[in-house]
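Keep in mind that what you see is a predicted model, and the values were worked out from it rather than measured. All chains are named by letter (A, B, ...) in the order of the sequence lines, taking the proteins before the strands, and each is independently numbered beginning at 1.
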Amino acid sequence: MNWQSDLNVIETVFVPSLERWYEYHKRDLPWRHTRNPYYIWLSEVILQQTRVAQGKPYYERFIAAYPTINDLAHADERELLRLWQGLGYYSRARNLHQTARHITEQLNGKFPETYHELLKMKGIGVYTAAAIASFAFGERVSVVDGNVYRVLARVFGIDEDITTTSAKKTFAALAARLIQQASDPATYNQAIMEFGAIQCTPVAPDCLLCPVQQQCVAYLTGQQNRLPIKAKKAPVRNRYFQYLIFKNGDKIAMRERTDRDIWQNLYDFYLLETDEPKPMLRDLLLPDSVNELVQQGVLSTMPTGAMQLLSHQRIQAMFYVIDLPDKLAGHLPTGLKWYSQAMIGDLPKPVLIANYLEKSFG
DNA sequence: AACTCGGGGGC
DNA sequence: GCCCCAGAGTT
């Protein structure tokens with residue numbers, strides 16, 4: 001079935017229907033009370049792959065901590081990551097910082113105002129560029145996010161796999177055509193996303209009260225639960241982290257993660273990763289220098305375990321606390337540094353580590 | 001085109 | 001369990 005044959009009929013009904021629906025059903029969200037491109041940008045980056053309910057408190061904290069892009073540009077990166085802690089995808093925070101500096105220093109503080117200029121910024125891709133361009137500057141460019149894929153796939157009965165490049169082109173072309181019908185591009189873009197989030201939900205969409213029910217191919221053919229089509233993701237990778245937590249008095253040894261891996265620029269402890277579970281400290285193959293520290297230290301508490309589920313990894317961690325006498329405090333493995341409890345509170349940490357610290361030392 | 005990058009919430 | 005969330009960058 002070719003959706004293009006029905007497009008002319010549907011599009012003139014679909015767009016105004018969504019705009020009307022939005023006017024009545026839209027949520028009152030803080031970033032909807034501004035056209036300041038800096039605030040819009042901040043909200044959009046926070047909301048990438050993140051639910052509104054999760055991102056909202058972060059948005060409030062960020063605009064309080066960094067009221068202007070100039071403030072963000074001059075922020076301490078560690079403090080910024082600490083504010084971002086728990087949101088995940090930490091490269092978003094690093095790119096945010098980098099782009100704030102770029103705009104402040106290279107662009108003389110002038111925020112890019114067009115879709116194409118916005119796309120050049122680090123951390124601003126096709127979705128975010130379209131969102132800022134339309135919301136802040138009124139440009140007639142269409143956003144295509146997860147909500148839009150779902151709504152369009154259902155209403156227009158598109159059964160291409162949305163993870164493929166060709167499908168992305170199909171949806172982008174359709175969205176670009178639809179927004180030509182919009183009375184206001186910003187309102188329409190927000191409307192279709194809000195509609196996907198509230199009405200045309202992934203599971204159990206509210207078709208009975210849907211304003212475009214009679215225009216929806218999926219509803220009319222009973223395919224709401226089949227569309228959109230999406231290829232399954234690769235299974236999650238299992239990883240086993242053995243953490244050695246060196247203590248000296250009230251100080252704990254931590255290090256910044258700098259490898260090309262998860263949690264870049266966040267802080268954790270001395271880590272030995274193994275390819276299978278190693279619940280016994282004595283089974284760990286440690287470097288000689290580290291092993292010597294372990295031998296001379298005191299295993300001060302029972303080892304504890306924890307699991308952290310990411311979207312693409314399942315991390316099973318063991319935590320071994322080792323008390324070091326003063327005379328060995330200067331012999332930490334490379335990269336580790338001593339931090340007092342108060343200092344650790346200011347360090348950005350993965351949720352796995354923050355939870356552990358809270359439970360064991362909080 | 002495929003991989004990688006977090007964490008949480010809903011069912 | 002499984003899916004998805006106002007995606008982007010790298011390989």
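Here the separation of C/dT11 from B/dG6, taken at their P atoms, is 15 Å to the nearest Å. Nucleotides B/dC11 and C/dA6 have their P atoms positioned 14 Å apart, rounded to a whole Å.
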### Message
Applying salt bridge (charged side-chain N to carboxylate O under 4.0 Å, His left out) to A/Asp159 and A/Arg226, what does each step give before you reach the verdict?
### Response
CA-CA 9 Å; A/Asp159 56 8; A/Arg226 191 176 78 90; 3.7 Å; yes
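Atom-to-atom distance recorded for A/Ile132:CD1 and A/Tyr115:OH is 11.5 Å, nearest 0.5 angstrom. Interatomic distance, OH of A/Tyr320 versus CZ of A/Arg282, reported as 10.0 Å (0.5 Å rounding).
Between the side chains of A/Gln48 and A/Arg92, not a single donor N or O lies within less than 3.5 Å of an accepting N or O.
OP1 or OP2 of C/dT10 lies within a sub-4.0 Å distance of a side-chain N or O belonging to A/Lys122. An OP1 or OP2 oxygen of C/dT11 is reached within less than 4.0 angstrom by a side-chain nitrogen or oxygen of A/Arg260. Distances shorter than 4.0 Å separate some side-chain N or O of A/His312 from OP1 or OP2 on B/dC5. Not one side-chain nitrogen or oxygen of A/Lys233 sits closer than 4.0 Å to the OP1 or OP2 atom of B/dC3. Within the 4.0 Å cut-off from OP1 or OP2 of C/dC5, at least one side-chain nitrogen or oxygen of A/Arg150 is found. Between A/Tyr89 and the phosphate of B/dT4, there is no side-chain N or O to OP1/OP2 separation shorter than 4.0 Å.
If you check residues 125-148 of chain A against DNA chain C, the residues with a heavy atom closer than 4.0 Å are A/Gly125, A/Val126, A/Tyr127, A/Thr128, A/Asp145, A/Gly146, A/Asn147, listed by number. Of the residues in residues 46-53 of chain A, those lying under 4.0 Å from DNA chain B by heavy-atom distance are A/Gln49, A/Thr50, A/Arg51. For DNA chain B, the residues of residues 56-87 of chain A within the heavy-atom distance limit of 4.0 Å (strictly under) are A/Gly86, A/Leu87, sorted by number.
A/Asn189 comes within contact range of no nucleotide atom at all, as no heavy-atom separation falls under 4.0 Å.
Checked against A/Ser300 for a side-chain contact (heavy atoms from CB on, under 4.5 Å), the options A/Asp323, A/Ile245, A/Ile322 give a single hit: A/Asp323.
Aromatic pair A/Phe156/A/Phe14: centroids less than 6.0 angstrom apart.
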### Query
How is the base pairing of DNA chain B summarised as a dot-bracket string, given the Watson-Crick and G-U wobble criteria with both distances under 3.5 Å, [ ] for crossing and | for another strand?
|||||.|||||
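Listed by first and then second residue, the ring-ring contact (aromatic ring centres under 6.0 Å, His included) pairs involving residues 40-74 of chain A are A/Trp31-A/Tyr59, A/Trp41-A/Phe111, A/Phe62-A/Tyr66, A/Phe62-A/Trp84 (not counting sequence neighbours).
Applying the salt bridge (charged side-chain N to carboxylate O under 4.0 Å, His left out) test to A/Arg27 and every residue at least two apart in sequence or in another chain returns A/Glu194.
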